[in-house]
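Notes follow once the structure below has been shown.
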Amino acid sequence: MNTNINTNIKDFSSYKNVWVFAEQREGVITPVVIELLGEGRKLADEIGVNLCAILLGKNVDSMAKELVAYGADTVYTADNELLEKFTTDAYTKVITDAINEFKPEIVLYGATHIGRDLAPRIASRVSTGLTADCTKLEIDPDDKKLKQTRPAFGGNIMATIICPNTRPQMSTVRPGVMEKAEKNDSRDGKIVPISFNLSKDDIRVEVIKTVKTKKDLVSLTDANIIVSGGLGMGGPEGFEMLKQLADKLGGVVGASRAAVDAGWIDHSHQVGQTGTTVKPNLYIACGISGAIQHLAGMQNSDFIIAINKNETAPILDIADYGIVGDVKDIVPLLTEKLDSVDDLIELVNA
Ligand SMILES: Cc1cc2nc3c(=O)[nH]c(=O)nc-3n(C[C@H](O)[C@H](O)[C@H](O)COP(=O)(O)OP(=O)(O)OC[C@H]3O[C@@H](n4cnc5c(N)ncnc54)[C@H](O)[C@@H]3O)c2cc1C
């Protein structure tokens with residue numbers, strides 16, 4: 001066993017600034033980027049460096065201005081038709097070269113399908129560490145290193161990971177967890193086109209068609225009100241009942257994994273660790289026990305109402321209001337009573 005501990009303190013002084021990968025789809029910045037800019041701002045201020053975004057795409061000018069409005073001090077842009085749609089090869093090449101040239105000390109990516117595909121490839125190219133799916137980021141006050149926290153072992157432990165020996169420190173960050181940056185159109189920032197070498201031969205994948213899944217239509221992440229159901233709903237007809245309540249409230253229907261596994265509703269509705277993380281103003285949990293993996297995806301909701309026939313269900317411990325009773329009685333009653341809910345919706349959306 002090698003017991004030598006490497007005590008060499010490496011000089012990372014040429015690495016500066018916090019970078020956010022500005023993922024865009026069809027010319028629209030993805031919502032997680034706004035969250036990363038909110039979090040990145042805090043990290044950059046704590047270290048005393050700039051917050052930068054790196055944006056790849058075609059005709060990126062208006063998106064670059066938007067990133068400045070959301071807090072980026074500098075936006076590095078690569079504008080080319082070969083970058084219009086995401087491909088691992090092209091994006092990896094351009095970002096790897098930019099990292100080697102500009103030497104950021106931290107790079108954040110959304111833990112989307114694109115971010116999870118891209119970040120490991122770049123980490124390997126620049127030989128640095130990457131923590132996947134972080135839910136909390138902090139700067140160590142003593143040495144200014146990034147402390148990256150993520151759930152591990154099915155959410156049963158939280159692991160805090162540091163990257164002491166290489167730069168940049170890179171993380172993918174779970175969408176829906178960090179606070180969004182505020183938009184301010186009068187903010188100033190630099191937009192810096194970067195030079196890059198890219199040809200068709202660099203790209204081994206050709207995107208023939210983009211097919212939208214139902215998930216894009218279910219927008220759980222953006223919903224202000226979510227009415228969610230679990231095994232206690234008893235079957236797909238129970239979800240019809242929830243849909244009526246959700247429609248009345250102007251919300252969307254969510255589900256536990258158990259309900260999804262039972263085939264009562266599509267996976268695109270699943271809330272939780274292996275589903276979507278949500279932070280609505282109001283979350284109504286109906287017939288959901290409150291397993292840790294479910295709580296991981298919804299416990300930051302502003303206001304939680306739980307309906308469960310078992311008064312010892314863990315979901316009731318985190319609920320602001322708990323109703324102990326049968327969902328088959330209570331949900332239709334609620335729907336009926338909420339005939340005039342405009343005031344309530346206004347309150348929740350305020
Ligand atoms: C690696 C891993 C990842 C996971 N990821 C997720 C995830 O992303 N999301 C997720 O939700 N789960 C996830 N799970 C599963 C999780 O552990 C639970 O099994 C699941 O959340 C339970 O769903 P449930 O609350 O609907 O069902 P149950 O735990 O069976 O709870 C049903 C609840 O309904 C109540 N009930 C029953 N009948 C009625 C009635 N008529 N009226 C009122 N209440 C009633 C019961 O009292 C009970 O509390 C994951 C598990 C693992 C191991």
Side-chain angles (χ1 to χ4, degrees), residues 31 175-177 180 212-291 293-310 313-316 318-350:
V177 176
K180 283 192 162 72
K212 294 218 165 110
T213 63
K214 282 190 193 158
K215 185 155 186 141
D216 290 324
L217 307 173
V218 180
S219 200
L220 277 175
T221 330
D222 298 332
N224 284 334
I225 300 178
I226 297 175
V227 181
S228 238
L231 270 194
M233 295 314 298
E237 59 288 345
F239 279 85
E240 283 303 314
M241 206 157 81
L242 294 186
K243 176 92 174 63
Q244 285 172 20
L245 178 58
D247 283 350
K248 195 156 256 187
L249 290 167
V252 299
V253 175
S256 73
R257 172 155 148 183
V260 171
D261 287 348
W264 299 345
I265 188 158
D266 187 77
H267 173 73
S268 54
H269 294 264
Q270 185 182 313
V271 172
Q273 190 188 310
T274 44
T276 304
T277 304
V278 299
K279 209 168 36 175
N281 303 75
L282 174 62
Y283 189 89
I284 308 183
C286 308
I288 293 177
S289 59
Q293 295 88 355
H294 188 81
L295 301 185
M298 47 65 73
Q299 62 195 356
N300 291 332
S301 305
D302 290 344
F303 201 84
I304 299 168
I305 300 177
I307 308 169
N308 200 299
K309 69 176 184 191
N310 176 2
I315 191 85
L316 292 168
I318 64 146
D320 297 284
Y321 272 124
I323 304 172
V324 177
D326 193 320
V327 286
K328 288 187 205 71
D329 301 329
I330 292 163
V331 174
L333 206 65
L334 259 181
T335 312
E336 192 191 308
K337 293 275 179 204
L338 287 172
D339 250 347
S340 167
V341 291
D342 292 350
D343 293 350
L344 177 68
I345 292 172
E346 239 169 60
L347 199 74
V348 167
N349 286 331

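Hydrogens, waters and symmetry mates play no part in the numbers below; they use all other heavy atoms, side chains included.
- Listed for the Asn281 side chain is no donor-acceptor partner under 3.5 Å among the backbone atoms of Ile225.
- Atom CG of Leu295 sits about 10.0 Å away from atom OG of Ser301, to the nearest 0.5 Å.
- Of the candidates Thr276, Thr277, Val271, Met298 forms a side chain to side chain contact (heavy atoms under 4.5 Å, CB included) with just one, namely Val271.
- Rounding to the nearest 0.5 Å gives a distance of 11.0 Å between OG of Ser228 and CD1 of Ile304.
- Taking each heavy atom of Val253 and Ala246 in turn, the nearest pair found is CG2-CB, 3.9 Å.
- Contact annotation: the side chain of Val252 never approaches that of Asp222 to less than 4.5 Å [non-hydrogen atoms, C-beta and beyond].
- A distance of 11.5 Å separates CG of Asp329 from CG of Leu334, quoted to the nearest 0.5 Å.
- Nearest heavy atom pair, residue Ile288 against residue Gly230, reads CG1-N, 3.3 Å.
- Screening residues 273-290 for salt bridge (Lys or Arg N to Asp or Glu O under 4.0 Å) gives Glu179-Lys279 as the qualifying pairs, with residues at least two apart or on separate chains.
- The two atoms that bring Ala262 and Leu231 nearest to each other are CB-CD2, 4.3 Å, heavy atoms only.
- Note that SG of Cys286 is 11.5 Å distant from CG of Asp326, once rounded to the nearest 0.5 Å.
- Shortest non-hydrogen contact noted between Phe239 and Ala259 is CZ-CB, 3.6 Å.
- Nearest heavy atoms, Trp264 versus Pro236: CD1-CD, 3.5 Å.
- Closest approach of Met241 to Lys328, counting heavy atoms only: CE-CA, 3.8 Å.
- Rounding to the nearest 0.5 Å gives a distance of 10.0 Å between CD1 of Ile265 and CE of Met233.
- To the nearest 0.5 angstrom, Leu242 atom CG is 12.5 Å from Ile226 atom CD1.
- In this structure, the side chains of Val227 and Val331 stay at 4.5 Å or more apart for every pair of heavy atoms.
- Put simply, the side chain of His294 never gets that close to the backbone of Ser256: no donor and acceptor are under 3.5 Å apart.
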